[in-house]
Student: 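Sharing a structure here in structure tokens format.
Order of the sequence lines sets the chain letters (A, B, ...), proteins ahead of strands, with each chain counted from 1. Side chains are part of it too, since the values below use all heavy atoms of this structure and drop only hydrogens, waters and symmetry mates.
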Protein chains: 2
Amino acid sequence: MEDTEQRILDAALRIFASEGYTGATTRRIAEEANVAEVTLFRKFKSKENLLREVLINNRSVFSSLDDLFKSFQKETDLDLETELRILGKNIAKAMRDKKKDSKRRMFMFMLFEEGRRRPEVAGALSSFLQMNIKPLSEYFELQIKNGKMRTVNSRSAAITFVSYFVYTSLLREVFGDSFLGDNDEEIERFIDIFTKGILKVEDLKNR
Amino acid sequence: MEDTEQRILDAALRIFASEGYTGATTRRIAEEANVAEVTLFRKFKSKENLLREVLINNRSVFSSLDDLFKSFQKETDLDLETELRILGKNIAKAMRDKKKDSKRRMFMFMLFEEGRRRPEVAGALSSFLQMNIKPLSEYFELQIKNGKMRTVNSRSAAITFVSYFVYTSLLREVFGDSFLGDNDEEIERFIDIFTKGILKVEDLKNR
DNA sequence: AAAGTAAGTAAGTAATTACTTACTTGCATG
DNA sequence: CATGCAAGTAAGTAATTACTTACTTACTTT
């Protein structure tokens, strides 16, 4: 067995994510980590402290938004819509494939519940969220500078973008594909709306 | 004392919303409802059954999206963007003012957690969500028919719209206004993006 | 070989929790 | 007046939970 501490942290992430903080028992976490329950308490002192350490151990929600950006950041000849389409589908792919990512998102989701009661958790959650919004925000800023995007508040654009993915990944977690249908198609439709808006083009010219 | 049963249901909604299903204790709910704990069990048999009844008792998440629509549906001369701006701000206002609405949303939020474990809860949650998405969807459909909106998938538009409001109301619940800043301004920026998209107008003409 | 360290086993504690049983009180209706 | 019903009081049960104590085992370092 490798690093006991890390194994406990990973197990805690999974159990917190699937059972919620209150629902997760230290016994269950220890079992999942293949250690004796007493070992968990020796290493982390209390359940509350364990949560804190898991928080520190898992800083980003999507395994790395930066990595997802890299896939097209070299090819400068792509138009913005195509880039976002690629980004969106990569996010969707990461959601499907990486189990750890799914757990991280559900963990983050649990933090919303816990954050309303514990200010320290809210603080940690806040920096989690910033970590996703910031690179996106900067990306949009750059697009505006490069003249590929009209002048909108880049943070609002990032929040709109993230809203969609957080919400729909939640829906998919609970309902599978029954609520939203095919992932890629749905994302294409979102990107279409996000980039072009819902108004008719002729109506736009008036402004 | 009025209707004991209803008082318990209301109390349960509040406690489930703020503590989560697992975190809510029957004792606390009874206390909140000003009844003896035993009365709760006499009326509802079990905690699980109480959840079911609360579910039935609170069907819509926003007190009524229909009401919010009414505020402009008679004035047909408004353009779509203005209408959506009004709708968005009405939603924001309802969020701020109506405590019961806030509790309902947090309750719905809790259902996401619980729904992953209990298929019946997921089912109820699904119809909750449909109840918000459907009228919006139909509204967009109508706008498309009236030529005020370009042809996009109306359900995807509704989901995009709802995503934003669910996610940001969650953020506001946890962080207050510190994360997003002024409510109305932020919503204006969202509506701007949602209606007009993020691309430059000249880029749109190429398509 | 001795000593330290990381882990396990086993048992237990005090508190909490969903839920029950048995009996009582107050009020309305026949 | 008597009967019935809705609600309360009080006490308790069995299970679970976070966490502790005391002792043991196995492996590594000196």
Student: Who pairs with B/Tyr21 by ring pair (Phe, Tyr, Trp, His ring centres under 6.0 Å), at least two apart in sequence or on another chain?
Tutor: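 Only B/Phe16 meet the ring pair (Phe, Tyr, Trp, His ring centres under 6.0 Å) criterion with B/Tyr21.
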Student: Scan nucleotides 16-18 of chain C against the protein and return all N/O pairs shorter than 3.5 Å with their distances rounded to 0.1 Å.
Tutor:
from   : atom 1 : to      : atom 2 : distance (Å)
C/dA18 : OP1    : B/Ala24 : O      : 3.2
C/dA18 : OP1    : B/Lys47 : NZ     : 3.1
C/dA18 : OP2    : B/Thr26 : N      : 3.1
C/dA18 : OP2    : B/Thr26 : OG1    : 3.1

Student: For B/Phe41, give me all partners under ring pair (Phe, Tyr, Trp, His ring centres under 6.0 Å), at least two apart in sequence or on another chain.
Tutor: none
Student: Once you round it to whole Å, what is the distance between C1' of C/dA6 and CG of A/Asn34?
Tutor: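 Atom CG in A/Asn34 sits about 16 Å away from atom C1' in C/dA6.
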Student: Quick one: is C/dA7 close enough that its OP1 or OP2 comes under 4.0 Å of any side-chain N or O from A/Thr39?
Tutor: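 For C/dA7, OP1/OP2 do not have a side-chain N/O of A/Thr39 under 4.0 Å.
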Student: Mind listing the residues from residues 8-19 of chain B sitting with a heavy atom below 4.0 Å of DNA chain D? Number order is fine.
Tutor: none
Student: According to side-chain hydrogen bond (donor to acceptor under 3.5 Å, both in side chains), does anything in residues 39-50 of chain B pair up with another residue at least two apart or in another chain? List the pairs.
Tutor: none
Student: Could you pick out which residue, A/Val38 or B/Val35, lies toward the 5' side of DNA chain D when each is mapped onto its nearest nucleotide?
Tutor: B/Val35
Student: Between A/Lys43 and C/dA7, is there a side-chain N or O to OP1/OP2 distance below 4.0 Å?
Tutor: yes
Student: B/Arg116: what forms a side-chain hydrogen bond (donor to acceptor under 3.5 Å, both in side chains) with it, not counting sequence neighbours?
Tutor: none
Student: Using side-chain heavy atoms (C-beta onward) and a distance below 4.5 Å, is B/Phe161 in contact with B/Leu87?
Tutor: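 Yes, at least one pair of side-chain atoms sits under 4.5 Å.
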Student: Report each atom pair, protein N/O against N/O of nucleotides 23-28 of chain D, whose distance is under 3.5 angstrom.
Tutor:
none

Student: Please list, chain by chain and in numerical order, all residues satisfying salt bridge (charged side-chain N to carboxylate O under 4.0 Å, His left out) with A/Arg155, sequence neighbours excluded.
Tutor: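 A/Arg155 satisfies salt bridge (charged side-chain N to carboxylate O under 4.0 Å, His left out) with no other residue.
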Student: Looking at residues at least two apart in the chain, or sitting in another chain, which of them share a side-chain hydrogen bond (donor to acceptor under 3.5 Å, both in side chains) with B/Asn57?
Tutor: B/Gln6
Student: Who passes ring pair (Phe, Tyr, Trp, His ring centres under 6.0 Å) against B/Phe175, sequence neighbours left out?
Tutor: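 By the ring pair (Phe, Tyr, Trp, His ring centres under 6.0 Å) rule, B/Phe175 matches B/Phe179.
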Student: So, using ring pair (Phe, Tyr, Trp, His ring centres under 6.0 Å) as the criterion, who are the partners of B/Phe112 when residues are at least two apart?
Tutor: none
Student: Mind checking what makes side-chain hydrogen bond (donor to acceptor under 3.5 Å, both in side chains) contact with B/Thr82, not counting sequence neighbours?
Tutor: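 In terms of side-chain hydrogen bond (donor to acceptor under 3.5 Å, both in side chains), with neighbours along the sequence ignored, B/Thr82 is linked to B/Asp79.
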